Amino acid sequence: MEVVIVLIILGIIGYLIYQSLPNTKFEKAQAHFIAKNYVEAINVLNGIFDKHNDAPAKFAECKLILGQGLKANSEKLKAFNEILELRKRINNTSSIAKFENIEAKTLFEIAKIQYEETKADIDKLNQNLKFIDNANKKGLETDFNTLRTKHFYQLSESYFKKAIEIEKSNKYPDAIRVYKKAIECSEKSSNSTTKHNAVARISICRLKLNESIDLQENSEVQKSDKEYQKDLFYRYSVYLLKNGDFQQAENIISTHLNFKSTDIEKLRDILKAEKANIALNQITQINQKIEQLYDNSLSTEELSKFYNSLDSIVSSLKTVDLDLSEKVLAIKPTLFNRLLTNYISIEQYGNAINLIYKYPKFWESPELLKNLGICCYGYTSKGLLSEKNYKIVISSWLTAVYSDNVILKSLEDTFWDDNYTFSLVESIGSNYSQHEEVPENVNYDEISESNISIGATQRELLQQFETIIHKQIKDHQLSIQVNDFYDKEREAIEKVVKILATDILFPTPHFAISNGLNNEIIKELDSDYEEYSNEEALEAGVPYIKNSTSSIVYQYFFANDIIDRIKSAIEAENSATIKKLNTNENKGWIEKFDNISTIVEDSLFNTIANKISEDDENEALIAVMEECIAFSSNNEKLKHQYSNYVASYCISKVNDDVIDNYKALTLMKGAYLRSPNNPRICKNFITLIRYNLMDMLNDRTKKTTDIYKILDWVKSNMSQTYKQNSSELSNARKEILQQLKEAGVDTSLFDDSPFGLIQPFGQSLNADGLKMKKVLTYLKDLGSIQETTNPLDRLRQLRQQLNLDDDLPF
Amino acid sequence: MKNPYTILGVSQDAEKAEIMKAQMLAMKYKKYSLQEIQIAAKQLLDPAKRLAADFMFPAKIKARRIQIIQSNLKYQDINVNALNEDAFESLK
């Protein structure tokens, strides 16, 4: 009994000790916390505040929850400040670390309350921002940042309102300063509305201060309040008008003040008056220049400046007085003539060419085209041709000289021709009587002493030009370029002249393309082809192609280009490209044109022949040739070229031991396939068959299966020529059997009967024997000669036997 | 190629006899080489070549003489200062 009592007492003491342990107490507090009995939890935690690491944080958390539950902000703030005070009681670093999480939450709660209480007060907002900046934000960084942004948003609004008030009291510099603060805060809070409005208001303040502003790239202003925009753009227009920038003012008014208002009308009236005054000044100046022009006191340079200024003057006058603008426009041709004459007389041919080229459709005027020709001649004779300009100069010269109308126009200024007439019969600018109208002294009659050849004049001009090109171009490279270009342009224009019988301007390709005349020429050539199926017309049109793909000329060019691409691929030994080009569509384009389809085979044959002449033992060429054969529908010549090339290649490489017999056999199979009746191919192919069979018999090859595959193919693809030449194989068989007999071997074992394998007397073939039997069987199958009944074949056979046809290469 | 008319010092409408006479004079004055004079004369005595020489005279393009431009516009006074800058004041 006593023992029991002692045990009970010990138990109670133990229990009491256990209950008084900090961990036990914390667990108790935790239980209160979970049960939301925060006051009881606080009481328990208060007892172990210094004894348990987690106690201060839990204590603070309980107080935070209780504080959050209070109604009045003042009570809340009091409770939260008490939490912050707890930090002083904590002397354990581990406890502090845990407490700081609750401290951050408490500070955030305080900051939130303070933000709500600022009521847009700028000072309070700034103070609370400082509070936030200094606060411990542990774990609540995002929340604090969001709260901070809210402050800036509120601040931007407050600053903007404040600035408005300052602006209203006409203190513009101060207002600008505060608007800038609003912009600063709006940028931190993405408050774009306030930002745009503040930017607009700053510009308005500046204008109120009569300061200049720049709205060139200010898109923010255009997003501001509509009323602000109206105010700003109006003030800006007034500012610009006051400062004489009428052009900019007009832009602003037409773009931003496009609404009805008497005040805007006033602006427009000012602009109108200003334009009229400017127009008056311009007319006065133009009249002064006209006077100078006729008293010869206007230099060529001043005349050029005057002429070049007319377009913009005409354009500005149109809005003021249409009649006046037309009067100014009307003086342009006279000024143009005067300027061109000046340029030519002082030999400024480059300026003259540029001037003519700027004149709309100058080529329609024979006079201008003639003057252009003169300038090009003069420019070249002065040695001024360069890489940059020679194309324009040469194409313009040729176009001018090849134009019959230009030469006919020249006759009008000729005064010694009273006794002469002129004939277009040899003209280089037309091929027969195609001119709709010719002068009285011009005809198409035979040339005589009194009937002068216009063609001779044109040729004389060309010859003179060629002489100056030859003399004046010292740079060798440029000389090559110029002469090459000249020849091509001349050749092209001559082709067109020869074909087209219409009375139109025949430009050279470069002239036509530069001046947008090429499609007209192509159209004429297309029509000629459609009417006469004349592919020469298409050929002539090719140099005139720029980027139009809808013409027949282009189709012709495209078909030709396919051949050119194949030829390039042959040059580059690129069989894959030829394979890619081998499509039905491409073949269709080629087939459409006889000129192209009939030369495909020859064209490819010649390109390959050139390639062979460079290197006649190039294996890469074999695949290229195979693709060419596949591309060309008419390909007998290509097949012959291919087969002979392959045969020569195999002969050379087998003899030099560069390739083995199997490889030669596979290559020769290709040759035989394409030229099965070519005796040379058949003979060499048969020889290679024999070599391969001997290789198999003597274990010199590992390609037995592949070789038999080829031989099986040959069995069912024996041509007449093959059969006539296959005795080599049957002879080889006979020779082997003879040798076997001489060696005492029973050759009946190799008979090609199903019973040959096992003989009646028990003799059988071992593996070598079976191999021998198979080779002998193939020699027999591939070498059997069939008698021909065709006398021509017999004759051929006889010739071959007499070695009259081809040599035996191996 | 120099202009044969310039070398021989004759006008564009010179007749055959005039050209031959000018050739003799040019040879006498020796302003140009004998070869140049001969080529120039040959060119002007051959109608087709002479036509080529004539080609090098710029074509005259007919154009009217420009008259002084008359305008009905009158100079207008502009008073920018009379504008009401606050017409669209946005802070009213």
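Every chain is numbered from 1 and lettered A, B, ... according to where its sequence line falls, protein lines coming before strand lines. This structure is a prediction, so every number in the text was calculated from the model and none was measured.
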Residue, of Ile78(B), Val80(B), Leu91(B), that accumulates the most heavy atom pairs under 4.5 Å with chain A: Leu91(B)
Just so I understand: if I count every heavy-atom pair under 4.5 Å between each of Leu83(B), Asp46(B), Asn79(B) and chain A, which residue has the most? Leu83(B)
Centre-to-centre under 6.0 Å for Phe160(A) and Tyr179(A), is that the case here? yes
Please confirm whether Tyr377(A) and Tyr349(A) have ring centers closer than 6.0 angstrom. no
Ile204(A) vs Ser90(B) side-chain heavy atoms within contact, under 4.5 Å: yes
A cation-pi test, strictly: NZ or CZ of Lys332(A) under 6.0 Å from the centre of the six-membered ring of Tyr307(A) and no more than 45 degrees from its axis. Yes or no? yes
In terms of heavy-atom proximity below 4.5 Å to chain A, should Ala14(B) be classed as side chain, backbone, both, or neither? backbone
Segment of Ile452(A) engaging chain B (4.5 angstrom heavy-atom cut-off): side chain
Cut-off 4.5 Å, heavy atoms of chain B, and the answer for Ser261(A) is side chain
So which part of Phe422(A) gets closer than 4.5 Å to some heavy atom of chain B, the side chain, the backbone, both or neither? side chain
With a 4.5 angstrom heavy-atom cut-off, could you sort out which part of Lys16(B) is near chain A: side chain, backbone, both or neither? neither
Using the six-membered ring of Phe88(B), assess whether NZ or CZ of Arg235(A) lies under 6.0 Å from its centre and within 45 degrees of the ring axis. no
Turns out that what part of Leu207(A) lies under 4.5 Å from chain B's heavy atoms comes down to neither
Evaluate the side-chain proximity of Glu89(B) to Lys208(A): yes if any heavy-atom separation is below 4.5 Å, no if none is. yes
Interface moiety of Lys230(A) toward chain B, non-hydrogen atoms closer than 4.5 Å: both
When the 4.5 angstrom heavy-atom criterion is applied to Ile331(A) and chain B, the contacting part is both
side-chain contact (heavy atoms from CB on, under 4.5 Å) against Asp77(B), all qualifying residues, sequence neighbours excluded: Tyr75(B)
Of the backbone (N, CA, C, O) and the side chain (C-beta and beyond), which part of Leu232(A) lies under 4.5 Å from a heavy atom of chain B, both, or neither? neither
Among Lys409(A), Lys266(A), Glu274(A), which has the most heavy-atom pairs under 4.5 Å with chain B? Glu274(A)
Measure from NZ or CZ of Lys370(A) to the centre of the six-membered ring of Phe55(B), then state whether that distance is under 6.0 Å and the direction lies within 45° of the axis. yes
Does a side chain donor of either Asp404(A) or Ser427(A) reach within less than 3.5 Å of an acceptor in the other side chain? yes
Under a plain distance cut-off of 3.5 Å, with no hydrogens placed, do Asp13(B) and Ser11(B) share a side-chain donor-acceptor pair? yes
Under 4.5 Å from a heavy atom of chain B, the part of Asn287(A) involved: both
Classify the side-chain pair Ser33(B)/Gln35(B) by whether it contains a donor and acceptor separated by less than 3.5 Å. no
Would you mind checking which part of Ile164(A) comes under 4.5 Å of any heavy atom in chain B, side chain (CB onward), backbone (N, CA, C, O), both or neither? both
Ring of Tyr228(A), cation from Arg201(A) - is the NZ or CZ under 6.0 Å from the centre and inside 45° of the axis? yes
So which part of Ser410(A) gets closer than 4.5 Å to some heavy atom of chain B, the side chain, the backbone, both or neither? side chain
Measuring heavy-atom distances to chain B, does Val328(A) have an atom under 4.5 Å in its side chain, in its backbone, in both, or in neither? both
Partner chain A: residue of Asn84(B), Asp54(B), Asn81(B) with the largest heavy-atom pair count (under 4.5 Å): Asp54(B)
Contact origin within Thr414(A) toward chain B - heavy atom pairs under 4.5 Å: both
Using a cut-off of under 4.5 Å on heavy-atom pairs, state which of Asp269(A), Leu280(A), Asp263(A), Val238(A) scores highest against chain B. Leu280(A)
If I measure from the heavy atoms of chain B, does Ile270(A) come under 4.5 Å with its side chain, its backbone, both, or neither? both
For chain A, which of Met56(B), Arg50(B), Lys60(B), Glu15(B) has the most heavy-atom pairs under 4.5 Å? Arg50(B)
Any side-chain donor near an acceptor of the partner, Gln464(A) and Glu460(A), under 3.5 Å: yes
